[in-house]
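All of these numbers come straight from a predicted model, not from anything done at the bench.
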Amino acid sequence: MSEQLAYYLSFPFVRYAIIVGVLVALSSSLLGVVLVLKRFSYIGSGLSHVAFGTYAIAMILGFMNDMILVMPLTVIIAILLLRSKQINIKGDASIAMVSISALAIGYFLMNVFSESANISADVCSTLFGSTSILTLTKVDVIMSIVMAISVILVFVFFYHRIFSITFDEEYANASGIKVNGFNTAFSIITAVVIVLAMNLVGSLLITGLIIFPALTAMRLFHSFLRVVIATTIISVVGAFLGMLMAILVSSPVGSTIVIMYLLFFFIGYFISKFGGE
Amino acid sequence: MSEIECKKLIIGYNGTPLCEPIDLIVEQGQYLFIIGENGSGKSSFIKTLTGLLPRIDGQITYSIPHQRLGYVSQKHQVYTDFPATSFEVIQSGGLYKLKKSPFYKKEDKKAVRELMASLKISHLAEKSFHHLSGGQKQRVLIARALMTTDRLLILDEPINGLDPTTRREVYDMLKELHQKGITIIMVSHDHEAAYQYGTHILTFESGKYRHMVNENLIEDEKEVVTCRSN
């Protein structure tokens, strides 16, 4: 088995895939800490559906590079969604409405206008991520590295402000933090990470990358700092093992990582039952 | 010296005033209780003071930047299952100390520990905030406010939902802080406490307000108030 693994790892595209996978998982999980705590878990899947819709549009318009259209459109919708003042049922419903509409319109357009020979394969890979992860170029790898480093830097430099805003937005506001500016910046980063993560796991499984590590860490620890650190470790280890497994048994990358996360979650759950902090 | 001075201040939502124009001076060392019916404008008034609610018209002058007021808000049910230790919560009150740096300095952390010791809550430091009792939470939130300010506390119904013994503990804590020279402004439904502890009382009722000195204070406490007013 280790020989087989060494054989696969001798291909550069496999190594690229692992690097990108781990970095995307890491960035998504860090955002996940905030999204879960702000009760925004659903935003991940909502935005990924939006990205699916914009992908469909880019595809039928024949954009050579999808990102040019997908990225800005998703970012704009993310800002509108995350900044909507009411984060209660109304906010929830608006996210569901926008995301399902995007999904429906995207699928409709793909079927009616696409010239591709195999529409269902296109749709399937956009939804579940499939093998596209193994066709990454150097540019994709560099983009993921840049993105992951930016997300980590934002977390390190604004760690205490992020804590304050996530814990108590009103108090942060009263102490003069520009909460609206922060929320906008945060929406943009989330949208960028989600669009990039779509390559890896597809739009249906992104929520898994976002919420699982944070939820597992929250089972184990009751301090914000420890939760953040544990989240990064869980996401990196989980994504790495998930990708190795996906390569070995040639399973889809996205679902394998999410299943690995699920396993971690149950382990975390049992540890918290019998000990833990 | 005055901590807060309101001139012809009009409070309300979306341009609709809740009360007649307010002229009010809060002097250093006062313990001002704000009482009145629900919806009379008590909470809106202090939200306006903290800058959370834009004022419709008029002026507010502060002795310190209004971002440095110590505010304890009414709702803390929003924090359920949030992973945060009491230490982390209290430390977040000192956010202004960060300036441009991403991390707190050693002396900032020391200040948190000293504050916790002086409020007798050191034992809560590593405890998860959402596992604390109502009274403990309130004390931690007051401590957070004291990280932000060293002179002016503004509290919105801090004893709501607490049992009588815990209420007393919170009142005792505030009394002690007041005796140390901290000015306190507090919205409350508890009229009895207002006359027992407050040096001044502000009442909101059907669009009018009334500001008065608490005549029930025992003589030597009254003297303290007048001395500080000068």
Can you tell me which portion of B:Phe87 sits under 4.5 Å from chain A's heavy atoms? Options are side chain, backbone, both or neither. neither
Does A:Gly32 offer a backbone N or O that forms a donor-acceptor pair with the side chain of A:Ser29 under 3.5 Å? no
Heavy-atom distance under 4.5 Å to chain A: side chain of B:Tyr96, backbone, both or neither? neither
State whether the side chain of B:Glu176 and the backbone N or O of B:Met173 hold a donor-acceptor pair below 3.5 Å, judged by distance alone. no
Between A:Phe212 and A:Tyr261, what is the ring plane arrangement, given parallel below 30°, perpendicular above 60°, and tilted in between? tilted
Considering only heavy atoms, which portion of A:Leu225 lies under 4.5 Å from any heavy atom of chain B: side chain, backbone, both, or neither? both
Give a yes or no on this: more than 12 heavy atoms of other residues, nucleotides or ligands lie within 6.0 Å of atom CD of B:Glu20. yes
Verify whether the ring centers belonging to A:Phe167 and B:Phe82 lie closer than 6.0 Å. yes
Can you tell me which residue among B:Leu18, B:Ile11, B:Ile22, B:Thr203 is in a side-chain contact (heavy atoms from CB on, under 4.5 Å) with B:Tyr209? B:Ile22
Given the options A:Ala217, A:Gly176, A:Ser175, which has more heavy-atom pairs under 4.5 Å with chain B than any of the others? A:Ser175
Intermediate values then yes/no, side-chain contact (heavy atoms from CB on, under 4.5 Å), B:Leu69 and B:Thr148: CA-CA 7 Å; B:Leu69 309 173; B:Thr148 312; over 6 Å; no
Sort B:Lys127 into side chain, backbone, both or neither according to what part of it lies under 4.5 angstrom from a heavy atom of chain A. neither
Taking heavy atoms only and a threshold strictly under 4.5 Å, list by residue number the residues of residues 154-166 of chain A that touch chain B; give 'none' if the list is empty. A:Val156, A:Phe157, A:Tyr159, A:His160, A:Arg161, A:Phe163, A:Ser164, A:Thr166
Between the main-chain N or O of B:Gly58 and the side-chain N or O of B:Lys7, is there a donor-acceptor pair closer than 3.5 Å? no
